[in-house]
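Right, one structure below, let's go through it.
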Amino acid sequence: MKRKLECRWALWCGVWMVITLLAACDRLTKPTSSGRPYEVLVVVDDQLWQRPAGRALFDVLDTDVPGLPQPERSFRISQTTQKRFSQVLNIFRTIIKVDIDPTQYTQTKMKFTRDVYARPQVVLTIQSPNEKDFAAFVKKNSRSIIDFLVKVEMNRQINELEEKHSEAVSQLAEEIFKCQLWAPAEIKSYKKGKDFFWASSNTASGLVNICMYSYPYEGPRTFNKQYVLAKRDSVMKANIPGTEPRMYMATDTLCTSVKPIAVKGEYAMETRGLWKMEHDAMGGPFVSHSRVDTLNNRVVVVEGFVYAPEKMKRGLIRRLEAALYTLCLPGEQARELKASIPEVSVVAGKEQE
């Protein structure tokens, strides 16, 4: 009996070593993916791409990013056919494959796989029996498709922040709030206030900023648009003045949306819109998360905002938004810092995490 157990143990060890070696070889043989953040390669027949089914997918990907001062498309879109989909093109970081075949499929569904041709990579495949059903499915699930692709990129950026982030911001978050936070490494200059800090890249162009502040939690009424924006305006007015006494940061309330989201499985409030400097010409986009610190009965707000009048702002604000998801409140496990954002797949019209 003992000899049989020893043999089984040796066999399992051998299998485990083989699996480990194969995984290591897979990592070594697959190239690094190419492409810029929020760049998508669509693999679809040229003629189908120009017909209503292809245009339906294009229109989804071409949707404007919300909360920006000027129109900017959600993704940079490239297209190729399956025949031209070679070893040069298949290393794109994000690929969408269109597969329409009445002999194989009876319903339309969407699935994704990781690291098929390169690392890191996501290949999203939409399968359908016909073009009409494909177009209807894409239109119906447009929000899920956009959210999925955005979350894929943000999770990549969270992984990058784990490797390289601002030590100054991490120290401020720990010192003032007993929290953990990863922010882009170029954010080094900072200003401290009461239950507040503002950190900035302090660059001549493409200025990116992270703010963090807190206030007492006063029950459900704490999380409505009027309350959240009033708190933001009072904090920013006190802590981010302009070059003259009458100048201060404020929220453009007409261009601001507030909605509930989940961060690390817990309730949070996302605020997205435009900020402006009263009595000055400065302004730009911002996004914030308001979360309840139950151990200290307070609301902790972390916000990213951009000032880049000469640049496109999609990439800048989304990179800051990814940083917001790394906030780790007191009592949360540090490993949850990398918990990232749940990615959603859609099958037969139903969302599944």
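Note: hydrogens, waters and symmetry copies are ignored here, and every other heavy atom, side chains too, is used. The shown structure was predicted, so the numbers you read here are calculated from the model rather than taken from an experiment. When a residue number appears, it is its place in the shown sequence, counting from 1.
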- Query: Just checking, any donor-acceptor pair under 3.5 angstrom between side chains of Ser200 and Asn209?
  - Reply: yes
- With sequence neighbours left out, the residues meeting side-chain contact (heavy atoms from CB on, under 4.5 Å) with Ile100 are Leu48, Val98, Ser128, Glu131, Phe134
- Item | Arg119/Asp115 ion pair, N-O < 4.0 Å | yes
- Note on the structure: residues 84-110 vs ring-ring contact (aromatic ring centres under 6.0 Å, His included), sequence neighbours excluded, gives Phe85-Tyr117
- Item | Spacing of Leu229 atom CG and Met236 atom CE [to the nearest 0.5 Å] | 11.0 Å
- Task: Show the numbers, then the answer: is there a side-chain contact (heavy atoms from CB on, under 4.5 Å) between Val169 and Tyr190?
- Result: CA-CA 8 Å; Val169 170; Tyr190 62 87; over 6 Å; no
- Does Trp275 have its ring centroid less than 6.0 Å away from the ring centroid of Phe305? yes
- Looking at side-chain heavy atoms only, is the closest gap between Thr271 and Val301 below 4.5 Å? no
- Minimal heavy-atom distance between Gln121 and Asn90, with the atoms involved, is NE2-O, 2.7 Å
- Message: Please find the pair of heavy atoms, one from Lys311 and one from Gln70, that lie closest to each other, and give the distance.
- Response: O-NE2, 4.4 Å
- Message: Donor-acceptor check, side chain of Asn224 to backbone of Arg221, threshold 3.5 angstrom: yes or no?
- Response: yes
- Task: Please report the C-alpha distance between Val258 and Tyr227 in whole Å, then the side-chain angles of each, then the deciding distance to 0.1 Å, and finally whether the side-chain contact (heavy atoms from CB on, under 4.5 Å) criterion is met.
- Result: CA-CA 11 Å; Val258 173; Tyr227 192 100; over 6 Å; no
- Message: Pairing donors with acceptors under 3.5 angstrom, does anything connect the side chains of Arg156 and Ser33?
- Response: no
- With distance as the sole test, does Lys313 use its side chain to make a donor-acceptor pair with the main-chain N or O of Tyr307 at under 3.5 Å? no
- Query: In the single-linkage hydrophobic clustering (I, L, V, M, F, W, Y; side-chain heavy atoms under 4.5 Å), do Met247 and Phe286 co-cluster?
  - Reply: yes
- Under 4.0 Å between a Lys/Arg side-chain N and an Asp/Glu carboxylate O for Arg246 and Glu244? yes
- Query: Do side-chain atoms of Thr203 reach the backbone of Ser205 as a donor and acceptor pair under 3.5 angstrom?
  - Reply: yes
- Item | SG-CD distance between Cys328 and Gln180, expressed to the nearest 0.5 angstrom | 5.0 Å
- So do Glu270 and Glu321 actually touch side chain to side chain, heavy atoms under 4.5 Å? yes
- Message: Do Arg298 and Pro330 make a side-chain contact, defined as non-hydrogen atoms from C-beta onward lying under 4.5 Å apart?
- Response: yes
- Query: Do side-chain atoms of Arg272 reach the backbone of Thr256 as a donor and acceptor pair under 3.5 angstrom?
  - Reply: no
- Working for side-chain contact (heavy atoms from CB on, under 4.5 Å), residues Lys264 and Glu332: CA-CA 9 Å; Lys264 298 182 174 66; Glu332 292 180 339; 3.8 Å; yes
- 4.5 Å side-chain heavy-atom contact, His289 and Tyr325: yes
- Query: Same cluster or not: are Val152 and Val42 linked, directly or through other Ile, Leu, Val, Met, Phe, Trp or Tyr residues, by side-chain heavy atoms under 4.5 angstrom apart?
  - Reply: yes
- Task: Report yes or no: does Ser166 contribute a side-chain atom to a donor-acceptor pair with the main-chain N or O of Ile187 at less than 3.5 Å?
- Result: yes
- Message: Would you say that Trp182 contacts Ser170 through its side chain, given a criterion of any heavy-atom pair below 4.5 Å between the two side chains?
- Response: yes
- Query: Would a distance-only check, ignoring hydrogens and angles, find a side-chain to backbone donor-acceptor pair under 3.5 Å from Ser74 to Thr63?
  - Reply: yes
- Query: Taking C-beta and beyond as the side chain, do Asn141 and Met110 meet within less than 4.5 Å on heavy atoms?
  - Reply: no
- Message: To the closest 0.5 Å, what do you measure between CD1 (Ile96) and CG (Leu149)?
- Response: 5.0 Å
- Message: Between Gln157 (side chain only) and Ala322 (backbone N and O only), is there a donor and an acceptor less than 3.5 Å apart?
- Response: no
- Query: Between Asp252 (side chain) and Gly273 (backbone), is there a donor-acceptor pair under 3.5 Å?
  - Reply: no
- Does the side chain of Asp46 pick up a donor-acceptor pair with the side chain of Gln79 at under 3.5 Å? yes
- Task: Could you walk me through whether Tyr215 and Phe196 pass side-chain contact (heavy atoms from CB on, under 4.5 Å), step by step?
- Result: CA-CA 10 Å; Tyr215 49 85; Phe196 171 89; over 6 Å; no
- Message: If I compare all heavy atoms of Ala323 with all of Thr326, which pair ends up nearest, and what's the gap?
- Response: O-OG1, 2.7 Å
- Message: Does any part of the side chain of Arg291, heavy atoms only, come nearer than 4.5 Å to the side chain of Val263, both counted from C-beta?
- Response: yes
- Does any non-hydrogen side-chain atom of Asn296 lie less than 4.5 Å from one of Phe177? no
- Query: At their closest point, which heavy atom of Val138 faces which heavy atom of Leu57, and how far apart are they?
  - Reply: CG1-CA, 3.7 Å
- Task: May I ask you to decide if Gly206's main-chain N or O and Glu310's side chain share a donor-acceptor pair within less than 3.5 Å?
- Result: yes
- Task: Heavy atoms only: give me the nearest Cys179-Met212 pair and the separation to one decimal.
- Result: CB-CE, 3.8 Å
- Measure up the Phe58 and Trp49 rings against each other and bin them: parallel (under 30°), tilted (30 to 60°), perpendicular (over 60°). perpendicular
- Query: Are Asp99 and Lys111 within salt-bridge range, i.e. N to O under 4.0 Å?
  - Reply: no
- Smallest separation among heavy atoms of Pro37 and Arg314, with atom names: O-NH2, 4.2 Å
- side chain to side chain donor-acceptor pair (under 3.5 Å) partner of Glu153, chosen from Arg93, Arg318, Arg319: Arg93
- Message: Does Lys139 have more than 12 heavy atoms from other residues, nucleotides or ligands lying within 6.0 Å of its NZ?
- Response: no
- Transitively linked via ILVMFWY side-chain contacts under 4.5 Å: Ile95 with Val122? no
